[in-house]
Amino acid sequence: MSSYHDFNSLGWGGVNSSRSDLDPFPRNMWDTLIMQGEWDFYGVDSNSFCLGNGDTKIALEAVEDESDGYRSYFGCFSVSPVGKVFFRSPLARVRACETEHGEGYNKFRGWELFDPASGHVWLRVGTKNTDDYYPYFVFDYMIPGKQHEFR
């Protein structure tokens, strides 16, 4: 796998986007802020999700790397308007973790937001089929008690 397709170097600065509204969320802030704490999870709207603590909320959009031709790697997280359609009350208290699972062409690399009390994974964001020529962007929102098939 070439270094361009190395998942850790793929986003946060490597995304060439024609979107003028794209405000990339810095990788170092993700690692030191989001990955280090527990957050109230307010749900998703399209490919955006909302996290908060107390009265402070942030909405982040998971962005595909649109400069990647037929493939669709995860590109970056960007700051998104909190005014999107999110729940007013939190659905859960979550933690973020970086994850890699599966083998060969079925390998997934990315992040999960999970409830540490129940173990339920609420959201999975990243790239699937990372060892294949045609990987694809994943944004899977999982509702407790529902059967989910992961692509």
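Since the model is a prediction, treat every value here as computed from it, not as a measurement.
Here the side chains of His101 and Lys107 are not in contact, with every heavy-atom distance at 4.5 Å or above. Counting heavy atoms from C-beta outward, Ile34 and Trp111 have side chains that stay 4.5 Å or more apart. The side-chain heavy atoms of Gln36 and Arg95, taken from C-beta on, include no pair separated by under 4.5 Å. For the pair Thr127 and Arg109, the minimum side-chain heavy-atom distance is 4.5 Å or more.
Applying the ring pair (Phe, Tyr, Trp, His ring centres under 6.0 Å) rule to pairs touching residues 39-60 yields Phe41-Trp122, Phe49-Phe77, sequence neighbours excluded.
Using a 4.0 Å cut-off between charged nitrogen and carboxylate oxygen, Asp115 and Arg93 do not count as a salt-bridge pair.
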Check step by step if side chain to side chain contact (heavy atoms under 4.5 Å, CB included) holds for Val138 and Phe108. CA-CA 9 Å; Val138 172; Phe108 170 83; 4.0 Å; yes

Can you check side chain to side chain contact (heavy atoms under 4.5 Å, CB included) on Phe86 and Asp45, steps first, answer last? CA-CA 7 Å; Phe86 298 114; Asp45 180 8; 4.0 Å; yes

What verdict does the side chain to side chain contact (heavy atoms under 4.5 Å, CB included) test give for Glu112 and Met142, after you've listed the backbone C-alpha separation in whole Å, the side-chain angles of each residue and the deciding distance to 0.1 Å? CA-CA 11 Å; Glu112 293 177 339; Met142 282 97 42; over 6 Å; no

Please report the C-alpha distance between Val125 and Leu113 in whole Å, then the side-chain angles of each, then the deciding distance to 0.1 Å, and finally whether the side chain to side chain contact (heavy atoms under 4.5 Å, CB included) criterion is met. CA-CA 9 Å; Val125 178; Leu113 294 181; over 6 Å; no

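Here the SG-CG distance, from Cys50 to Leu91, works out to 10.0 Å after rounding to the nearest 0.5 Å. Between the CG atom of Asp140 and the NZ atom of Lys128 there is a distance of 8.0 Å, given to the nearest 0.5 Å. Note that OH of Tyr141 and CG of Leu123 are 9.0 Å apart. Values are rounded to the nearest 0.5 Å.
Side chain of Ser118 to main chain of His120: a donor-acceptor pair is present (N/O by atom type, distance under 3.5 Å, no hydrogens or angles). When atom types are taken as modelled, the side chain of Asp40 and the backbone of Pro90 share no donor-acceptor pair closer than 3.5 angstrom.
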